[in-house]
Amino acid sequence: MGQEIKRTDVNELGEFGLIRHLTSKFPIKNASTKKGIGDDAAVIDNGDKLTVISTDTLVEGIHFDMVYTPLKHLGYKAVVVNLSDIYAMNAKPRQITVSIALSNRYSVEALEELYDGIRTACEWYGVDLIGGDTTSSPKGLYISVTAIGQGEKDKLVYRDGANVGDILCCTGNFGSAYLGLQILEREKQLYLDNPKIKPDLEDAQYMIERQLKPEARKDFVEQFFPKAGLVPTSMIDVSDGLASELFHICTSSGVGAILEENGVSIHPKAEELAIKFNLDPITCALSGGEDYELLFTVKPEDLEKVRYMPDIYLCGEIIPAEEGVKLHTKGGNIHPLQAQGWQHFQS
Ligand code: ADP
Ligand code: MG
């Protein structure tokens with residue numbers, strides 16, 4: 001009998017465990033590498049300015065379904081999800097590279113559509129497409145975008161800067177993109193069962209748009225923060241779900257938090273749809289993901305700077321690590337927050 005070869009399933013480690021496991025033996029060698037793995041983007045010190053870099057890959061069948069994803073939207077989203085990570089560092093995106101791997105199912109016309117979406121995002125967010133790679137895949141489409149941004153030395157914001165007493169803030173509303181996905185999946189099933197049925201999506205327009213064509217919070221990083229003279233103490237973008245991102249801030253900063261359910265905004269249409277689907281609206285908001293809003297903390301003395309910002313919600317406070325990460329419900333109960341996020345391999 002030969003010796004058994006050890007085989008560990010990647011799901012045993014989970015996404016973050018796997019990243020840690022694979023990258024723990026890569027010490028930083030260059031002084032210019034200011035931040036490596038473990039934040040929304042890596043940071044490189046170029047003297048006067050800091051360069052910020054982030055990569056994300058979207059895979060057909062995992063991150064998008066061609067049955068209901070227009071290629072133009074897909075191109076737009078592939079760019080936006082990366083820019084969101086640059087904004088989460090309080091930096092401005094400047095360039096992107098785009099790499100695609102495609103099967104022979106994709107025509108030139110289809111790829112033109114994809115690039116139409118990429119171009120629209122480049123125009124709106126003011127970034128240049130500066131390179132990439134094109135290759136073939138045995139099955140499906142892969143699109144990997146790297147975003148490069150620029151930040152100022154004293155203004156970059158990491159996940160690890162939250163302090164006890166800081167105010168927790170978030171932009172926009174939560175849960176809509178997740179509910180958009182639920183409705184698209186249900187309509188797909190109905191369509192597959194009976195292709196003659198016309199989808200009834202009128203009431204769900206907002207949620208579907210949040211799922212298929214998300215936006216990154218350029219307005220906060222490029223307008224509201226500088227105008228108010230505000231530099232948050234920590235920040236993250238909400239790709240995996242508000243609860244799971246709050247845990248990232250708390251773990252990195254070595255603090256706890258109390259999240260106010262009252263401060264988590266849910267679009268009225270999303271709330272309606274959640275109830276129609278028999279889902280708990282606040283669970284959708286906390287664990288849904290793909291909102292691409294910003295979650296950040298500010299010093300208590302900066303309260304006046306955030307109080308009147310548009311589309312901002314004060315949603316809690318940073319507390320000592322020993323007190324944990326908790327949710328204060330609308331009903332007045334306080335219980336430990338569950339970080340569900342995407343357990344399976346998605347991001
Ligand atoms: P986000 O959700 O903000 O896009 P991720 O959770 O994808 O961030 O990644 C967390 C950190 O791990 C980032 O610093 C990212 O660059 C790094 N990372 C992810 N996958 C790998 C990998 N395969 N090898 C090296 N670093 C990785
Ligand atoms: Mg991120």
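The analysis underlying the following values was restricted to heavy atoms, covering all of them including side chains, and did not include hydrogens, waters or symmetry mates. Note that ligands are numbered from 1 as they come in the structure, with each ligand's atoms numbered from 1 the same way.
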Can you list the ligand 1 atoms lying under 4.0 Å from a non-hydrogen atom of [X]?
X: G38; answer: 11 (C), 13 (C), 14 (O)
X: T23; answer: 24 (N), 25 (C), 26 (N)
X: F16; answer: 6 (O)
X: S239; answer: 2 (O)
X: D39; answer: 13 (C), 14 (O)

Student check: side-chain heavy atoms of Y68 and L181 closer than 4.5 Å: yes
Any K34 side-chain heavy atom under 4.5 Å of I44 side chain: no
CA sep, side-chain torsions, deciding dist, call: E215, Y76, side chain to side chain donor-acceptor pair (under 3.5 Å): CA-CA 9 Å; E215 300 291 353; Y76 192 88; 2.7 Å; yes
Side chain, backbone, both or neither: I19 near ligand 1, heavy atoms under 4.0 Å: side chain
Under-4.0 Å heavy-atom contact with ligand 1, by part of D85 that carries it: side chain
is_close_aromatic(H248, F16), centroid dist under 6.0 Å: yes
Flag for D237-S84: side-chain donor and acceptor within less than 3.5 Å: yes
Y206-R210 side chain donor-acceptor pair, cut-off 3.5 Å: yes
T171 side chain vs L294 backbone, donor-acceptor pair below 3.5 Å: yes
Heavy-atom proximity to atom 8 (O) of ligand 1, best of M89, R159, R20: R159
Heavy-atom gap D56 to ligand 1 smaller than 4.0 Å: yes
